[in-house]
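What follows is one structure encoded as structure tokens, with my remarks underneath.
We use all heavy atoms of the structure for the numbers below, so side chains are in, but hydrogens, waters and symmetry mates are not. Counting starts at 1 for both ligands and their atoms, following the listed order.
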Amino acid sequence: MKLKSALIAVSFAALASSACAEDKILNLYSARHYQTDEALYANFTQQTGIKINRIEGKEDELLERIKNEGSNSPADIFLTVDAARLAKAHELGLFAPVASKLLETRLPAHLRTEDWFSFSTRARVIVYNKGAVKPEDVQNYADLANPKLKGKFCSRSGSHPYNLSLMASIIAHQGEAKAEELARGMVANFARSPKGGDTDQIKSVAVGECGVTISNTYYVARLLRSTKPEEIKLMEKVGVIWPDQSGNGAHINVSGGGMLKTAPHKESAVKFLEYLSSDQAQRYFADGNNEWPAVDSVKVANPALESLGKFKADKLPVKNLAMYQSKAQIIFDRVGFK
Ligand code: FE
């Protein structure tokens with residue numbers, strides 16, 4: 001009996017909260033935190049009168065938190081980085097489909113799904129030591145498996161979303177057998193076991209501990225913009241290659257997010273997603289992390305990124321990246337790319 005009345009109380013509370021669903025509030029769970037955030041969020045509040053409550057945390061922790069909060073989660077929007085993580089949130093059934101004409105018009109089709117959207121892009125590039133590796137030997141991801149590079153390749157972990165997504169794109173384009181061959185070749189070329197992040201790899205390449213690595217562009221840009229004399233020196237030692245330029249183009253990944261199925265403020269949530277596709281928000285979103293806006297017509301001036309030259313970007317739909325995540329992990333496990 002006691003339990004039954006407790007249940008009734010809960011359902012009344014749920015009703016009450018959905019009745020106030022249109023409170024001018026947005027609960028944002030974000031794994032992105034940059035200097036441009038203040039302006040990005042303040043402008044939304046200014047334009048809509050909707051106040052943003054921000055919960056910030058690490059990508060996997062936030063996802064775990066939303067999962068654990070279940071139907072009681074106050075989260076309206078989950079923002080995170082990499083298609084691998086967005087795909088995981090989708091697979092867990094956390095996102096609600098959003099039908100927005102505005103998002104459909106603003107965001108290129110390959111950068112959106114029915115329930116999560118990309119708001120900025122980054123590429124995964126090849127970084128090599130100019131004294132140890134010839135640029136013509138590292139023009140494509142497939143070159144990283146060439147025995148010529150034995151003992152020269154360094155990387156962060158194979159279980160990391162950035163590498164899983166790259167592998168997923170190779171599976172999508174060339175099939176599992178080719179992808180496995182590449183992964184196996186990369187492992188055979190390791191200078192050391194995978195450790196550290198992309199920045200660590202670039203630095204190891206610069207000091208000659210490794211000859212070549214792969215990195216997201218914003219880590220390269222961050223180091224190129226560094227004012228620390230030692231980092232400026234390091235970056236003089238490395239070259240950056242846009243991979244697969246005569247093939248599918250450089251692997252592109254994204255930052256993005258979606259509205260949660262249990263969002264208490266769905267109207268605010270859709271407005272926020274739409275706001276993120278506006279010219280102004282796109283600029284803040286991209287600039288915050290040395291990325292490119294997802295909306296084609298929005299341009300940013302980033303001298304570090306521009307110094308890398310023009311490139312052909314892979315237009316593989318982010319949905320396909322999501323599709324091959326688990327296959328990518330199986331391949332890495334099989335070849336010992338830890
Ligand atoms: Fe990162």
Checklist entry - Would you call the rings of Phe285 and Phe119 parallel, tilted or perpendicular, where under 30° means parallel and over 60° means perpendicular? => result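 Ring orientation of Phe285 relative to Phe119: perpendicular.
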
Checklist entry - Going hydrophobic residue to hydrophobic residue with side-chain gaps under 4.5 angstrom, can you get from Val240 over to Trp292? => result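 Yes: a chain of side-chain contacts under 4.5 Å links Val240 to Trp292.
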
Item to check | Partner set under ring pair (Phe, Tyr, Trp, His ring centres under 6.0 Å) for His160, not counting sequence neighbours | outcome: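 Ring pair (Phe, Tyr, Trp, His ring centres under 6.0 Å) list for His160, sorted by chain: Tyr162.
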
Checklist entry - In the shown structure, where waters are left out, how many protein N, O or S atoms lie under 2.8 Å from the Fe ion (ligand 1)? => result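 Those protein atoms number 3 in total.
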
Checklist entry - With sequence neighbours left out, what residues match Arg156 under salt bridge (Lys or Arg N to Asp or Glu O under 4.0 Å)? => result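 Result, salt bridge (Lys or Arg N to Asp or Glu O under 4.0 Å) vs Arg156: Asp198.
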
Next on the checklist: Holding to salt bridge (Lys or Arg N to Asp or Glu O under 4.0 Å), I want the full list of residues that pass it with Glu181, two or more places apart in sequence or in another chain.
Outcome noted: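 Glu181 satisfies salt bridge (Lys or Arg N to Asp or Glu O under 4.0 Å) with no other residue.
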
Item to check | Donor-acceptor side-chain pairing of Gln325 and Ser165 below 3.5 angstrom | outcome: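 There is such a pair between these side chains.
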
